[in-house]
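Below is one structure, written out as structure tokens; the observations come after it.
Predicted model, so just to flag it, every value in this text is computed and none were measured.
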Amino acid sequence: MIRTLLAAALATALPLAAHAEDNNFGLAGLLSSKNKQELEPIQLSAGEPLTKAPWVLKSGIYYEFEIQGDGSQELGLVGPEFFRAIWIDEIVVSGLEIRPLGLDSIEFDEAGEMEIGFIALKPGQYYLKIPKTTGETQRLEITIE
């Protein structure tokens with residue numbers, strides 16, 4: 001019985017390992033450096049636009065971006081729908097890696113920087129914005145295709 005289970009597990013795993021190498025990502029799959037793209041940083045600064053342009057992302061691609069707060073004001077970002085449409089691999093703050101199960105918002109009380117790595121999953125229209133603001137420059141429009 002155990003031999004049968006082991007044989008079945010190996011028969012299933014070997015084609016998957018071969019496929020991982022065929023997809024040009026290597027054995028790391030979606031987390032491979034070949035599948036990684038850098039996004040424009042988000043700038044958190046009083047009265048300044050978050051980014052120069054909206055983001056257009058592809059489902060299944062690993063993205064990294066920085067959020068840079070200049071400390072000019074206590075500022076945050078909210079976007080629970082966006083954070084539920086992605087899988088967050090890690091958030092890096094001052095060399096500390098955080099691996100959350102989920103995220104609704106972030107906030108900068110003083111100047112600082114963080115980097116977020118994620119895989120875009122669910123196609124749709126999303127946003128990140130500074131809470132309690134209505135200006136277009138205080139909102140980042142995001143499309144996942």
Side-chain angles (χ1 to χ4, degrees), residues 5-6 8-145:
L5 289 174
L6 284 173
L10 283 174
T12 304
L14 290 176
L16 291 175
H19 177 69
E21 289 181 8
D22 290 342
N23 68 15
N24 296 324
F25 298 146
L27 292 176
L30 293 177
L31 298 177
S32 169
S33 62
K34 293 180 182 180
N35 191 42
K36 195 175 291 187
Q37 293 185 16
E38 294 281 333
L39 294 170
E40 174 188 1
I42 293 176
Q43 305 294 325
L44 285 181
S45 182
E48 296 296 320
L50 295 176
T51 59
K52 293 177 187 166
W55 289 351
V56 178
L57 312 176
K58 300 272 187 213
S59 182
I61 302 295
Y62 187 98
Y63 294 96
E64 287 183 342
F65 70 97
E66 291 183 355
I67 303 172
Q68 302 163 343
D70 69 0
S72 59
Q73 189 174 343
E74 188 174 312
L75 293 170
L77 286 173
V78 296
E81 293 87 2
F82 171 69
F83 289 125
R84 283 170 184 68
I86 64 175
W87 173 76
I88 299 174
D89 177 38
E90 67 181 5
I91 300 171
V92 181
V93 180
S94 299
L96 302 172
E97 296 179 4
I98 304 158
R99 302 196 188 274
L101 292 175
L103 191 62
D104 282 321
S105 64
I106 57 106
E107 186 173 311
F108 282 68
D109 292 340
E110 55 189 48
E113 196 172 284
M114 76 171 54
E115 182 177 86
I116 298 178
F118 68 94
I119 295 175
L121 296 176
K122 185 177 175 188
Q125 300 288 331
Y126 305 98
Y127 65 85
L128 289 173
K129 72 174 198 155
I130 296 175
K132 301 178 186 172
T133 61
T134 57
E136 287 181 24
T137 62
Q138 306 300 293
R139 180 181 174 106
L140 169 60
E141 297 295 330
I142 303 166
T143 301
I144 299 177
E145 298 176 334

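By the 4.5 Å heavy-atom criterion applied to side chains, Phe82 and Leu57 are counted as neighbours. Using a 4.5 Å cut-off on side-chain heavy atoms (C-beta onward), Gln68 and Phe108 make no contact. Side-chain atoms of Gln73 and Leu44, non-hydrogen and from C-beta on, never get closer than 4.5 Å to each other. The shortest distance between side-chain heavy atoms of Pro100 and Ile91 falls below 4.5 Å. Glu107 has its side chain within reach of Asp109: a pair of non-hydrogen atoms, C-beta onward, lies under 4.5 Å apart. Between Leu39 and Thr51 there is no side-chain heavy-atom pair separated by less than 4.5 Å. In this structure the side chain of Leu50 never reaches within 4.5 angstrom of the side chain of Thr137, judged on heavy atoms. Glu66 places a side-chain heavy atom less than 4.5 Å from the side chain of Glu115.
In this structure, Ile88 and Phe118 approach most closely via the heavy-atom pair CA-CB, 4.0 Å. Across all their heavy atoms, Lys52 and Glu40 have their closest contact at N-OE2, 2.7 Å. Closest non-hydrogen pair, Glu90 versus Tyr62, comes out as CG-OH, 4.5 Å. When all heavy atoms are compared, the tightest approach of Gly76 to Pro131 is O-CD, 3.3 Å. The minimum heavy-atom distance between Pro80 and Asp104, with the atom names listed, is CB-OD1, 3.4 Å. Between Ala46 and Ser72, the closest heavy-atom pair is N-OG, 2.9 Å.
Within the model, atoms CD1 of Ile42 and CD1 of Ile106 stand 7.5 Å from one another, a figure rounded to the nearest 0.5 Å. Taking CG of Leu128 as the start and OG of Ser105 as the end, the distance is 10.5 Å to the nearest 0.5 Å. In this structure, NZ in Lys36 is found 12.5 Å from CD1 in Ile61, a value given to the nearest 0.5 Å. Atoms OG and CD1, from Ser59 and Ile86 in turn, are 11.5 Å apart once rounded to the nearest 0.5 Å.
More than 12 heavy-atom neighbours from other residues, nucleotides or ligands sit within 6.0 angstrom of CD on Glu145.
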If you apply the rule side chain to side chain contact (heavy atoms under 4.5 Å, CB included), what do you find for Leu77 with Lys129, and how did you get there? CA-CA 5 Å; Leu77 286 173; Lys129 72 174 198 155; 5.8 Å; no
Do Tyr63 and Trp55 pass the ring pair (Phe, Tyr, Trp, His ring centres under 6.0 Å) test, and can you show the C-alpha distance, the side-chain angles, and the key distance before you say yes or no? CA-CA 11 Å; Tyr63 294 96; Trp55 289 351; 8.1 Å; no
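Panel note: side chain Asp70, backbone Gln43; no donor-acceptor pair is recorded below 3.5 Å.
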